[in-house]
Amino acid sequence: MGFTRRDFGLSAAAGLAAAAVPGWASARINLGNKRIETVSDGYLTLPPEFLFDGLEPDALQQALKQYGLPAGPLTPEVNVTLLREEGRVVLFDAGAGPGFQDSAGNLTGALEVLGVTPDQVTHVVFTHCHPDHLWGVLDDFDDLLFPGAAYLMGQGEWEYWFDPKTADSIGSSRTAMAIGARRRMEQLEDKVQLFRDGEEILPGVAAHATPGHTPGHMSFEVRDGSNSVLVLGDAVGNHHVSFADPGRPVGADQEPQTAAAARMRLLDRLAAEQMQLIGYHLPGGGIGRAERIGSGYRFVPAV
Ligand SMILES: [Zn+2]
């Protein structure tokens with residue numbers, strides 16, 4: 001159950017081997033026959049306003065200080081979850097791919113360190129359609145990077161971003177995101193398998209609707225008996241304000257109030273059940289737990 005000393009030893013050894021890949025980080029969880037770890041796609045470079053929307057400069061600096069963040073750009077990790085078991089190699093999200101940010105798009109290199117090649121991937125499961133999660137499905141030549149994979153996405157998320165009208169209605173700050181998503185999705189159209197909230201999408205993997213960050217955002221509960229881990233995607237998108245003050249609206253969320261409600265529900269459950277979690281942008285590879293502290297929570301990394 002959970003982490004063992006042996007697991008930490010193994011991931012430390014893998015970490016040494018991966019030293020040449022910048023930003024690579026991994027911890028490991030064994031759930032029955034399922035082996036789950038995270039592989040680094042790199043990191044993002046974001047202006048602080050991206051999170052702390054609408055604050056005056058002084059208030060922004062104060063907020064950054066309050067959460068122990070640098071005054072300059074935020075550089076959150078990008079952690080793709082890899083699940084391996086007999087007959088299946090599953091990725092949760094596909095990374096940013098080429099052409100989004102120079103500091104991201106390293107997934108192929110990180111997988112290689114674990115001995116996984118793109119043609120071995122059997123399933124790519126999406127939390128949502130933002131660039132750092134979706135754009136990595138295409139390689140440098142705009143071909144599908146994982147040619148043998150089935151692609152799984154929540155129906156609502158697919159319908160929202162595949163609709164050509166979304167680019168006009170989403171608002172100017174997100175137009176490029178919508179156009180970019182649609183372009184990648186056109187290549188997935190013949191292959192994608194859509195699912196709904198509550199469905200078991202693969203053996204031992206259930207989808208949970210966690211809307212708000214995007215309209216159809218999904219998280220995934222991977223379970224073996226009484227042990228489980230929640231793959232959060234961006235439903236809890238950072239280790240600072242979204243844990244300490246989960247009800248506070250965050251600029252990165254498309255529907256901030258809906259996202260805050262989903263986040264509070266998730267953290268309440270994660271802390272109460274002391275369930276393992278994986279966050280796409282959480283530090284140290286993103287694996288850990290949530291612990292209640294004061295009126296909020298804190299992220300407790302596994303490594
Ligand atoms: Zn993201």
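If you read the sequence from its start, that first residue is 1, and numbering goes on from there. We count ligands from 1, going down the list as the structure has it; atoms in each ligand are counted the same way. Just so we're clear, the structure is a prediction, and the values are computed from it rather than from any experiment. We use all heavy atoms of the structure for the numbers below, so side chains are in, but hydrogens, waters and symmetry mates are not.
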| query | Among all residues two or more places apart in sequence or in another chain, which pass the salt bridge (Lys or Arg N to Asp or Glu O under 4.0 Å) test with Arg174? | reply | none

Donor-acceptor contacts under 3.5 Å from residues 113-121 side chains, at least two apart:
{"unit_1": "Thr117", "atom_1": "OG1", "unit_2": "Asp119", "atom_2": "OD1", "d": "2.6"}
{"unit_1": "Gln120", "atom_1": "OE1", "unit_2": "Thr117", "atom_2": "N", "d": "3.0"}

| query | Out of curiosity, Met177 CE to Leu134 CG, how far, rounded to the nearest 0.5 Å? | reply | 11.0 Å

| Distance below 2.8 Å from the Zn ion (ligand 1): how many protein N/O/S atoms qualify? | 4

| Ion pair present between Arg183 and Asp142, side-chain N to carboxylate O less than 4.0 angstrom? | yes

| query | Who are the salt bridge (Lys or Arg N to Asp or Glu O under 4.0 Å) partners of Arg292, not counting sequence neighbours? | reply | Asp268

| task | If the plane angle is over 60° it's perpendicular, under 30° parallel, otherwise tilted; pick one for His133 and His281. | result | perpendicular

